[in-house]
Amino acid sequence: MFNHVIVKKPSKSYVNGLTTSSLGVPNYEELLLQHEKYVSALKYCGVEVIYLEADEAFPDSTFVEDAAVLTKEFAVITNPGAPSRNGEIVAIEKAVQPFYKKIHHIVAPGFLDGGDVLQVDRIFYIGLSERTNEAGAKQLKKMVEAEKYTAHIIPLKEFFHLKTGIASVGKNKLVVTGEFITNPLFESYEKIIIPKEQQYSANCILVNDYVIIPAGFEETNQQLKSQGYQTIELEMSEFQKQDGGLSCLSLRF
Ligand code: CIR
């Protein structure tokens with residue numbers, strides 16, 4: 001159950017942010033509209049939204065998920081692996097502070113993006129990617145183990161971030177695609193398998209009674225519905241252009 005989410009308005013500089021995609025330059029007006037609908041959907045799911053104003057100095061800062069890892073008992077401020085994004089943590093720490101007594105930090109030489117961290121109940125899965133190095137992953141593992149969680153470190157083969165290809169939707173179920181379909185670490189879960197053509201929709205989020213998924217992935221929508229989930233579909237085109245997905249746009253706690 002989530003009570004709060006942190007989101008951040010996309011800045012005009014967003015169009016100059018980092019991307020590996022060749023989907024074109026984002027349209028700022030459309031982007032704002034999509035972001036507004038994202039925020040409305042979260043409110044509909046029953047959470048209180050902490051809305052941070054845009055920061056032109058950080059083009060990718062609407063992707064708040066990368067700057068922190070939040071649990072019930074403690075917060076971890078990350079050390080984002082992309083130099084242009086590293087300073088995003090200052091505003092996120094400020095936003096997180098009123099809610100947490102215990103705040104840990106990932107520090108150099110460790111780097112870690114929140115997009116590489118999946119929590120399923122008392123277990124953390126930490127991806128090693130272009131943005132998260134072994135030192136960062138090991139720091140997080142140690143922190144969560146000290147809090148009586150367990151953690152597994154997973155080197156990524158094809159994905160940008162761990163959560164690009166995997167999501168937890170409760171009830172011991174995972175939405176998985178690509179390299180995670182056969183990974184033995186996830187053997188004990190029931191899997192909702194997303195084929196390659198629908199891969200972008202593996203980055204979905206369970207927010208209380210709803211699973212929010214990107215629009216245009218009917219097969220994923222049907223799979224989730226047939227498993228008893230209520231879904232909300234959102235247009236994500238302008239976020240996809242900058243390698244962003246649904247999970248990246250909020251910190252849920
Ligand atoms: C970046 O390259 O950092 C942003 N353009 C996209 C970040 C997406 N975040 C995520 O998957 N957690």
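For ligands, and for the atoms within them, numbers begin at 1 and follow the listed sequence. We count residues from 1, following the sequence as given.
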In this structure, atom 6 (C) of ligand 1 is nearest to the protein heavy atom Gln242 O, 3.3 Å
Residues in ring-ring contact (aromatic ring centres under 6.0 Å, His included) contact with Tyr189, at least two apart in sequence or another chain: none
Within a strict 4.5 Å, meaning less than it, do heavy atoms of the Lys141 and Phe124 side chains meet? no
Are side-chain N/O atoms of Gln240 and Ser21 paired as donor and acceptor at under 3.5 Å? no
Could you find the nearest protein heavy atom to atom 10 (C) of ligand 1 and give me its residue, atom name and distance? Cys248 SG, 2.8 Å
Can you report which non-hydrogen protein atom sits closest to atom 4 (C) of ligand 1, along with the distance? Asp60 OD1, 3.3 Å
If we number the atoms of ligand 1 from 1 as shown, the ones under 4.0 Å from a heavy atom of Phe63 are 4 (C), 5 (N), 6 (C), 7 (C)
Check: Asp243 N/O within less than 3.5 Å of ligand 1 N/O: no
Using a distance-only test with no angle check, is there a side-chain donor-acceptor pair under 3.5 angstrom linking Glu93 and His105? yes
Roughly how far apart are Leu156 CG and Ile126 CD1, rounded to 0.5 Å? 11.5 Å
In terms of atom number and element, which parts of ligand 1 are under 4.0 angstrom from non-hydrogen atoms of Arg85? 1 (C), 3 (O), 4 (C), 7 (C)
Any donor-acceptor pair under 3.5 Å linking the side chain of Asn203 with the backbone of Leu246? yes
Applying side-chain hydrogen bond (donor to acceptor under 3.5 Å, both in side chains) as the test, list every pair that has at least one member in residues 158-177; sequence neighbours left out. Glu65-Lys163, Asp113-His161, Lys173-Gln227
Which class fits the ring pair Phe217 and Tyr200: parallel under 30°, tilted 30 to 60°, perpendicular over 60°? tilted
Phe160 versus ligand 1: do any nitrogen or oxygen atoms come within less than 3.5 Å of each other? no
Among Arg131, Glu65, His161, Glu130, the residue with a heavy atom nearest to atom 1 (C) of ligand 1 is Arg131
I need the nearest protein heavy-atom contact for atom 9 (N) of ligand 1: residue, atom name and distance, please. Asp66 OD2, 2.9 Å
Strictly under 4.0 Å, does any heavy atom of Thr19 approach an atom of ligand 1? no
Which atoms of ligand 1 are found less than 4.0 Å from any heavy atom of Gly115? 12 (N)
Is there a polar contact between ligand 1 and Thr164, counting only N or O atoms under 3.5 Å apart? no
